[in-house]
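For this chain, numbers begin at 1 and follow the sequence in order. For ligands, and for the atoms within them, numbers begin at 1 and follow the listed sequence.
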Amino acid sequence: MHIFNGKGGWIEVICGPMFSGKSEELIKRIRRAQIARRRVQIFKHGIDARYDATDIVSHSQQKLPGLAVTVVTDILEMVDDRTELVAIDEGQFFTQDLVEVANKLANLGKRVIVAGLDMDYRGKPFGPMPALMCSAEYVTKQLAICMTCGDPANFTQRLTASKDQIVVGASEIYEARCRQHFEPPHEETAGPGAQAVARDG
Ligand code: ADP
């Protein structure tokens, strides 16, 4: 990765399935910036009370203090003019406004790092992450370990039957799976619209 030191800002995205080390990688980059005495502000979505409401926490129990926000545009008001690095965890939970917020901060000359799931439990693009990846200068895609065979895993397997896109939890609800062992949920095929088409046809 080429990290340049001029005045320009940029966006880095760290994505992948659950357990792929996104939070660990985010924490590593933040710690290195702090060693370099850069001014850092850390945010995460308030929905994820997995371990601690205001800390960024990895599954391996590394953590850094952060601020929980639910409305992403609030970040623009909370970021100090002097801040050089804005780090955001659980980016998938924010609205599409995350893309505009990240671009505004980068255009102000800040380094912006967003970590988040690129796909949901169905293997579909998750929230603002795909669009953010288009705007980002650097995209790091991480893989976990498949809990069935031990191969590299690109997918997050939900172990419960809920159909909500957001169900917060860790290893009791989700596990990482490779392409061969990922079992996406069955799509609804006979909704009201499908019945109407069948009757008319
Ligand atoms: P993410 O933010 O992507 O969910 P974390 O950074 O929180 O990931 O946690 C990564 C850590 O999770 C790994 O270093 C490892 O200790 C642990 N872990 C548990 N299950 C797995 C798995 N299936 N594959 C890889 N790491 C796993």
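At least one donor-acceptor pair under 3.5 Å links the side chain of K110 to the backbone N or O of T83. Side chain of Y121 to backbone of K163: a donor-acceptor contact under 3.5 angstrom is found.
Residue contact check for ligand 1: G16 places no non-hydrogen atom closer than 4.0 Å to it. Ligand 1 does not have C146 within reach: every non-hydrogen atom of the residue lies 4.0 Å or more from it.
Under a hydrophobic-cluster definition in which Ile, Leu, Val, Met, Phe, Trp and Tyr are linked whenever side-chain heavy atoms come within less than 4.5 Å, directly or via other members, L98 and L76 are assigned to the same cluster. Under the 4.5 Å side-chain heavy-atom criterion for grouping Ile, Leu, Val, Met, Phe, Trp and Tyr, F126 is not connected to L159 through any hydrophobic cluster.
The local environment of CD in Q62 is crowded, with over 12 non-hydrogen atoms from other residues, nucleotides or ligands closer than 6.0 Å.
For ligand 1, the polar-atom distance check against E24 finds a nitrogen or oxygen pair separated by under 3.5 Å. For ligand 1, one of its N or O atoms has an N or O atom of K22 under 3.5 Å away. For a threshold of 3.5 Å applied to N or O pairs, the pair formed by A144 and ligand 1 contains no separation below that value.
With a 4.0 Å heavy-atom cut-off, ligand 1 is reached by the side chain of M147 but not by its N, CA, C or O.
Remark: among candidates H59, E90, Q142, the nearest residue to atom 12 (O) of ligand 1 is H59, based on non-hydrogen atoms. By heavy-atom distance, the residue among D89, I145, I14, I56 lying nearest atom 24 (N) of ligand 1 is I145.
Distances below 4.0 Å separate heavy atoms of M18 from the following atoms of ligand 1: 4 (O). Within ligand 1, the atoms closer than 4.0 Å to a non-hydrogen atom of P17 are 3 (O), numbered from 1 in the order shown.
Judged purely by distance below 3.5 Å, without hydrogens or angles, the side chains of E25 and T140 never pair a donor atom with an acceptor atom. In this structure, a donor-acceptor pair under 3.5 Å is present between the side chains of S58 and S60.
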